[in-house]
> 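I have a structure here, written as structure tokens, and I will follow up with some questions on it.
All values below were derived from every heavy atom in this structure, side-chain atoms included, with hydrogens, water molecules and symmetry-related copies excluded. This one's a predicted model, so the numbers in the text were calculated from it and none came from an experiment. Chain identifiers are assigned alphabetically (A, B, ...) following the order of the sequence lines, protein sequences preceding nucleic acid strands; residue numbering begins at 1 within each chain.
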Protein chains: 2
Amino acid sequence: MASTQPCERLSPCNGTKMDYAEFIKYVDITKEDIYRGTLEENRERIRVKKEATVIKNLEKIFDATLRIANKKGFQAMTMRDLSLETGLSMGALYSYFTSKEDLLETLQSQHRAMTRQIFEKCVGEAQACSLKLRAALKAYLFMSEVMQPWFFFSFMEAKNLANPEREKTLAGDIYSDMAFAEILRQGQTEGVFVPHDHHLVAGAIKALLQDWFLKRKKYAKLNIAIDDYAKLVLDLVEGYLTPPRAPA
Amino acid sequence: MASTQPCERLSPCNGTKMDYAEFIKYVDITKEDIYRGTLEENRERIRVKKEATVIKNLEKIFDATLRIANKKGFQAMTMRDLSLETGLSMGALYSYFTSKEDLLETLQSQHRAMTRQIFEKCVGEAQACSLKLRAALKAYLFMSEVMQPWFFFSFMEAKNLANPEREKTLAGDIYSDMAFAEILRQGQTEGVFVPHDHHLVAGAIKALLQDWFLKRKKYAKLNIAIDDYAKLVLDLVEGYLTPPRAPA
DNA sequence: GTCTATATACGGATAGAC
DNA sequence: GTCTATCCGTATATAGAC
């Protein structure tokens with residue numbers, strides 16, 4: 001709304017030095033945009049009219065669902081659990097979605113929309129391959145931290161989706177794999193990285209990044225900060241991709 | 001039974017060159033021992049007497065459970081699904097466990113017993129740290145391949161367990177983390193590896209290894225062989241732990 | 001040991017009052 | 001918009017025949 005110049009907008013992509021603190025601010029802005037956007041799309045299914053009410057309750061419902069489902073699984077969560085946790089009655093819940101499965105799909109699609117949009121914005125602008133790699137890596141990692149419950153949920157419940165939705169989630173996963181692989185390919189072409197299997201290394205990067213949101217508690221217990229973790233992954237990958245200095 | 005000398009037994013640990021093919025033979029031997037052992041332990045709960053029948057049906061039940069649950073989740077699997085898939089009636093099923101939850105726990109404990117025993121046997125004998133690291137890494141990876149459904153199941157359903165069992169599974173996970181960390185610590189002490197955070201790097205190794213059983217289909221589609229994957233992980237980790245050669 | 005038939009309860013979903 | 005009360009299918013688990 002405020003007339004800000006483009007350059008005023010935080011731009012985490014242009015920096016190899018971006019850390020998590022900077023990233024948070026950037027994401028909080030865009031997350032609301034996306035959230036509101038998705039609600040518009042799904043407006044048909046929602047019987048409640050007043051927008052403020054919808055936003056408030058949907059957030060309650062999403063939060064509660066993620067909390068319960070990430071503890072004992074979405075299937076094991078009953079609508080009565082959800083009713084208790086949100087403070088909304090069964091009837092009220094069902095005015096925000098048509099079925100339990102519908103709720104699952106909405107959550108997944110919301111997650112896809114958020115991640116894809118943020119990820120693209122973060123990686124898009126970067127220039128040199130090595131910077132691009134760092135930008136993509138941090139974008140994914142930091143995103144998974146801000147939205148940890150979403151990432152965890154999406155990963156764990158992906159296989160339980162029915163087919164049209166299952167494919168979409170899979171596609172989203174492949175998409176980020178491809179994004180990494182493409183950066184690697186480009187880097188190899190330019191001679192910045194040593195020859196390697198792009199898809200294999202891209203997969204390894206993703207595996208390392210996903211571990212952060214899959215085992216968040218473990219890392220908290222070990223007192224490992226996210227910026228340190230980002231550095232480890234970068235060091236591992238760059239050590240592999242960057243040729244050891246030739247003897248003088 | 002046959003009087004074989006100890007040295008005749010396959011010993012995958014002594015080799016940096018061990019590959020997957022060798023490993024399979026080794027594991028097939030021990031897996032049956034363990035299997036039979038666990039059955040002895042749980043004998044009380046099982047109402048069926050004839051041992052051959054028990055073994056045959058338990059294997060059917062375990063296989064079917066893993067197949068169904070890994071597709072749509074253990075909670076979503078009904079006992080009728082299981083009855084259909086095994087060819088056993090509901091009544092027959094319940095003579096092998098007391099409840100659905102009991103089945104879940106039996107599976108998890110069976111998995112813990114198998115992995116722990118094999119892992120220890122594989123790592124125990126190795127000597128130098130760098131060899132030990134390779135042995136442990138391959139032991140875990142190859143094990144997860146031979147018993148992929150078990151590993152996948154255990155990972156995905158861990159959070160759905162009730163507390164006494166949940167703790168045990170967590171402990172098993174920490175155990176292998178510690179095993180790696182201990183090797184790393186020793187290696188650093190001996191000056192073989194550069195200084196690093198043992199637990200952090202151990203976690204990274206595990207993350208890479210687990211990706212193999214979590215996304216087996218992806219790797220199959222990419223035509224990546226397990227021995228190649230082992231090499232990638234080793235290269236990544238050794239590149240990080242081993243100092244770049246000093247300029248001549 | 002395994003089957004069929006069934007008791008019992010629980011979960012998803014809705015109707016209709018407020 | 002939200003609640004309470006309730007319907008109905010389905011899931012776990014068992015009883016008892018063979």
> Report yes if at least one side-chain N or O of B/Tyr94 is closer than 4.0 Å to OP1 or OP2 of D/dA13; otherwise report no.
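Yes, such a contact exists.
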
> How many whole angstroms separate atom CG of B/Leu104 from atom C1' of D/dT12?
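Roughly 15 Å, once rounded to whole Å.
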
> For D/dG1, does the base pair up with any side-chain atom of A/Arg47 as donor and acceptor (N or O, under 3.5 Å, distance only)?
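No, the side chain and the base share no sub-3.5 Å donor-acceptor pair.
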
> Quick one: which of C/dT2, C/dA5, C/dG11 gets closest to the side chain of B/Met90?
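Nearest nucleotide to the side chain: C/dA5.
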
> Whole angstroms only, please: what is the CZ-P distance between A/Phe74 and C/dG12?
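Atom CZ in A/Phe74 sits about 9 Å away from atom P in C/dG12.
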
> What is the ring orientation for B/Phe23 with B/Tyr26, classed by angle as parallel under 30°, tilted 30 to 60°, or perpendicular over 60°?
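B/Phe23 vs B/Tyr26 ring planes: tilted.
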
> With a 3.5 Å distance limit and no angle check, can you tell me whether A/Ser154 reaches the backbone of A/Trp150 through a side-chain donor-acceptor pair?
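Not a single qualifying donor-acceptor pair exists.
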
> What integer distance in Å separates A/Asp81:CG from C/dA13:C1'?
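For the pair A/Asp81 CG and C/dA13 C1', the rounded distance is 16 Å.
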
> To the side chain of B/Lys100, which of D/dT2, C/dA13, D/dT12 is closest?
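Comparing D/dT2, C/dA13, D/dT12 against the side chain of B/Lys100, the answer is D/dT12.
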
> Establish, with yes or no, whether the OP1 or OP2 oxygen of D/dT2 is under 4.0 angstrom from a side-chain nitrogen or oxygen of A/Tyr96.
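Yes, within the criterion.
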
> Among the nucleotides C/dT2, D/dG1, C/dG12, which one has an atom lying closest to any side-chain atom of A/Val48?
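Nearest to the side-chain atoms of A/Val48, counting from C-beta on, is D/dG1.
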
> I need the single residue from B/Phe142, B/Phe213, B/Phe119 that forms a ring pair (Phe, Tyr, Trp, His ring centres under 6.0 Å) with B/Phe151. Which is it?
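By the ring pair (Phe, Tyr, Trp, His ring centres under 6.0 Å) criterion, B/Phe151 pairs with just one of B/Phe142, B/Phe213, B/Phe119: B/Phe213.
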
> Would you mind telling me which of C/dT2, C/dG12, D/dT4 lies closest to the side-chain atoms of A/Ser89?
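Comparing C/dT2, C/dG12, D/dT4 against the side chain of A/Ser89, the answer is D/dT4.
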
> Using whole Å, what does the distance between atom P of nucleotide D/dT2 and atom CD1 of A/Ile46 come to?
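After rounding, the reported distance stands at 12 Å.
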
> Starting at CG of B/Leu84 and ending at P of C/dT4, how long is that distance when rounded to a whole Å?
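Distance check: B/Leu84 CG to C/dT4 P gives 11 Å.
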
> Would you kindly give the CE-to-C1' distance between B/Met77 and D/dA11, to the nearest whole Å?
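Taking CE of B/Met77 and C1' of D/dA11, I get 12 Å after rounding.
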
> Expressed as a whole number of angstroms, how long is the span from A/Asn57:CG to D/dT2:C1'?
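Roughly 10 Å, once rounded to whole Å.
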
> A/Leu82 CG to C/dA13 P: how many Å, rounded?
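Taking CG of A/Leu82 and P of C/dA13, I get 12 Å after rounding.
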
> Can you identify which nucleotide, out of D/dC3, D/dG1, C/dA13, has its nearest atom closest to the A/Thr53 side chain?
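The listed nucleotide nearest to A/Thr53's side chain is D/dG1.
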
> Just by distance, no angles: are the side chains of A/Ser176 and A/Lys206 close enough, under 3.5 Å, to form a donor-acceptor pair?
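There is such a pair between these side chains.
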
> Please report the closest heavy-atom contact between A/Lys100 and A/Phe74, naming both atoms and the distance.
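In terms of heavy atoms, the two residues are closest at NZ-O, 3.1 Å.
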
